[in-house]
Amino acid sequence: FQKNFDYQDTYIFYLEGRFGLPESDDQFKICLPGTDLIRQPALLSPEFELSQYQKISYPLERCTIYDVGSRAFESLEHYKEVISFWEKLSRTGMTLWEAYHERWNEKEFESFETLVEEKRKVWKDISSKFLEKLYVAQRKRWTEENIKKAQQKDSLKAFCHERIKHLERFLK
């Protein structure tokens, strides 16, 4: 490029997704309309979607990306806000299963064939190998045992309290 053009720099942008934005506070049990970037409805990159299976807390976060505001300028305030979210979520009366699927519905995981059919509509040249990896990640998350635990009455409350305990370490 330098040889053939008036070239100065290269910029690479990797977009993880085109995230949704709730328009009203009745879309989710807890959200900030017009502010929170949400995973569904959204157009996500395959890699980002797969990353959501690394930790069960990822799809439950109030906002997909905490990139400005208090996180950028007042980190202690940011942690307090995130803890406040988890405290409110713990009081919704939802199970972990209900809260998770409110944020991350996974309808296309009905079968591997359904996943392939749905994902190929948005990810045109995605490999079957990658889709198999995604399918396996989802199945590992929701084993029969994990589903039973997530559907128990206070499962979300207990999960939220664990998250809060983890986050409070950063305030000390």
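Every value quoted in this text rests on a predicted model; they were computed, and no experiment measured them.
A cation-pi arrangement is found for R103 relative to F28, the charged atom lying closer than 6.0 Å to the ring centre and inside a 45° cone about the ring normal.
In the hydrophobic clustering of this structure, L60 groups with I147; members are Ile, Leu, Val, Met, Phe, Trp, Tyr whose side-chain heavy atoms approach within less than 4.5 Å, directly or through other members. A single hydrophobic cluster is seen to contain both W104 and V122, as judged by linkage of ILVMFWY side chains at heavy-atom distances under 4.5 Å, directly or through other members.
Ring pair F170/Y79 is parallel by interplanar angle, where below 30° counts as parallel and above 60° as perpendicular.
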message = What verdict does the side chain to side chain donor-acceptor pair (under 3.5 Å) test give for R120 and S128, after you've listed the backbone C-alpha separation in whole Å, the side-chain angles of each residue and the deciding distance to 0.1 Å?
response = CA-CA 10 Å; R120 287 219 165 118; S128 293; 2.8 Å; yes
task = Go through the steps for Q152 and T95 under the test side chain to side chain contact (heavy atoms under 4.5 Å, CB included), then give the verdict.
result = CA-CA 6 Å; Q152 291 177 353; T95 65; over 6 Å; no
request  = Determine, step by step, whether N146 and T143 satisfy the side chain to side chain contact (heavy atoms under 4.5 Å, CB included) criterion, reporting the C-alpha distance in whole Å, the side-chain angles of both residues, the deciding distance to 0.1 Å, and the verdict.
outcome  = CA-CA 5 Å; N146 288 344; T143 62; 3.3 Å; yes
key: Stepwise side chain to side chain contact (heavy atoms under 4.5 Å, CB included) test for L134 and F112   = CA-CA 10 Å; L134 180 61; F112 181 67; over 6 Å; no
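Looking only at distances, a side-chain donor or acceptor of H101 sits under 3.5 Å from a matching main-chain atom of W97.
A salt bridge links K119 with E49: the distance from a Lys NZ or Arg NE/NH1/NH2 to an Asp or Glu carboxylate oxygen falls below 4.0 Å. Of the charged side-chain nitrogens involved, at least one lies within less than 4.0 Å of a carboxylate oxygen, so that E61 and R163 count as a salt-bridged pair. Between K121 and E118 there is a salt bridge, with a side-chain nitrogen of the basic residue lying less than 4.0 Å from a carboxylate oxygen of the acidic one.
Across I56 and L96, no two heavy atoms sit closer than the pair CD1-CD2, 4.1 Å. The nearest pair of heavy atoms linking D36 to L21 is O-CD1, 3.2 Å. For the pair S90 and H161, the tightest heavy-atom approach, listed with the atom from each and the gap, is OG-NE2, 3.8 Å. Pairing each heavy atom of A99 with each of L156, the nearest pair is CB-CD2, 3.7 Å.
A distance of 6.0 Å or more separates the ring centres of W142 and Y53. Taking the six-membered ring for Trp and the full ring otherwise, Y58 and Y100 have centroids separated by 6.0 Å or more.
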